[in-house]
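Numbering of ligands and ligand atoms starts at 1, following listing order.
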Amino acid sequence: MKSGSALTPKVILELRQVCKDFHTRQGRLHVLDKVSLRVRRGDFLCLLGPAGCGKSTLFHICAGLEEPDSGQVLIDSQPVAGPGPDRGVVFQDGALFPWLTVRGNVEFGLTMQNVPAGERRERCDEALELVRLRKFADVNIHQLSAGMRQRAAIARAVVLQPKVLLMDEPFAALDAQTRNIMQEELQRIWAQTGTAVVFVTSNVSEAVRLGDRVAVMSFRPGRIKREVPVHRSRPRLADDPHLMEIRTFLVRDLKEDAHLAVEEELGDA
Ligand SMILES: Nc1ncnc2c1ncn2[C@@H]1O[C@H](COP(=O)(O)OP(=O)(O)OP(=O)(O)O)[C@@H](O)[C@H]1O
Ligand SMILES: [Mg+2]
């Protein structure tokens, strides 16, 4: 199919040849090497890679929190110049404001955009309904469980009606059961909102369960070494045999890079 055809959804987020180095006491760290990616409207892309391969760096660059050394990041064909409401972000620890209530957190971005109070409240209620936290609107963050905090973080991101939802290992700190439930919930939320999702994870099972595509990153330098499509209807079960096959392939694919990452961490590389 030709790109630009009426049947091909529009590209919402595009990375072109993105490179990033960090300068550390040990010397230059070549973290990202010519990373190119395309995310179309409605996509669910999982970015999978071993610890330390540059996933969060790539996430920060997409979010506009970090600048690439070279290459381009385009959101809806426009260069990214910093963070913006067109990209909703969810971090591993939720990064909620602990001094605000759930509603205060969810409305925060709308207040920054000078959205009038009535509309703010309405959009906040809708977002809380979506993540099933409506009853907890006036609760303080510290009263929420870890899973509920991530629900609030998702509400705070989707309330902006972003073009893409960027998530950096949002369920990594949750216990196995809560993580499983949040994976189900995210599939529902994605289906209901239709927002494109870029989901960073180092967990292979999570990547194949959630993604329509899994972009696999290599370790040092971080490159997209392949994109693996996952053709499976939703909601997907964690123990679906077809997903297990892809999982086995990806575990093997990651093994060498994961070893390199550990060796470097231990200082033997
Ligand atoms: N601001 C920084 N200055 C120097 N080095 C950095 C900086 N940010 C990240 N790094 C290094 O760059 C490499 C990639 O880090 P990054 O956090 O992007 O990896 P990651 O894949 O998200 O890892 P994890 O699985 O641990 O979350 C790591 O070696 C990290 O120590
Ligand atoms: Mg990270």
Handout entry: Side-chain H-bond candidate by donor/acceptor type, R120 with N114, under 3.5 Å
Key = no

Practice task
Scan side-chain atoms only and decide if T201 and E206 contain a donor-acceptor pair under the 3.5 Å cut-off.
Solution key: yes

Problem - Atom CD of E67 with >12 non-hydrogen neighbours under 6.0 angstrom - result: no

Practice task
Indicate whether the side chain of D168 and that of S56 have a donor and an acceptor atom separated by less than 3.5 Å.
Solution key: yes

Exercise for the section: Please determine if the Mg ion (ligand 2) has an N/O/S atom from S56 lying under 2.8 Å away. Expected result: yes

Handout entry: Within 45° cone of F136 ring axis and under 6.0 Å: R103 NZ or CZ
Key = no

Practice task
Using a strict 4.0 Å threshold on nitrogen-to-oxygen distance, state whether R121 and E119 make a salt bridge.
Solution key: no

Exercise for the section: Can you tell me which residues line ligand 1 if we count any heavy atom under 4.0 angstrom from one of its atoms, in chain and number order? Expected result: F22, T24, L29, V31, P50, A51, G52, C53, G54, K55, S56, T57, E169, R220

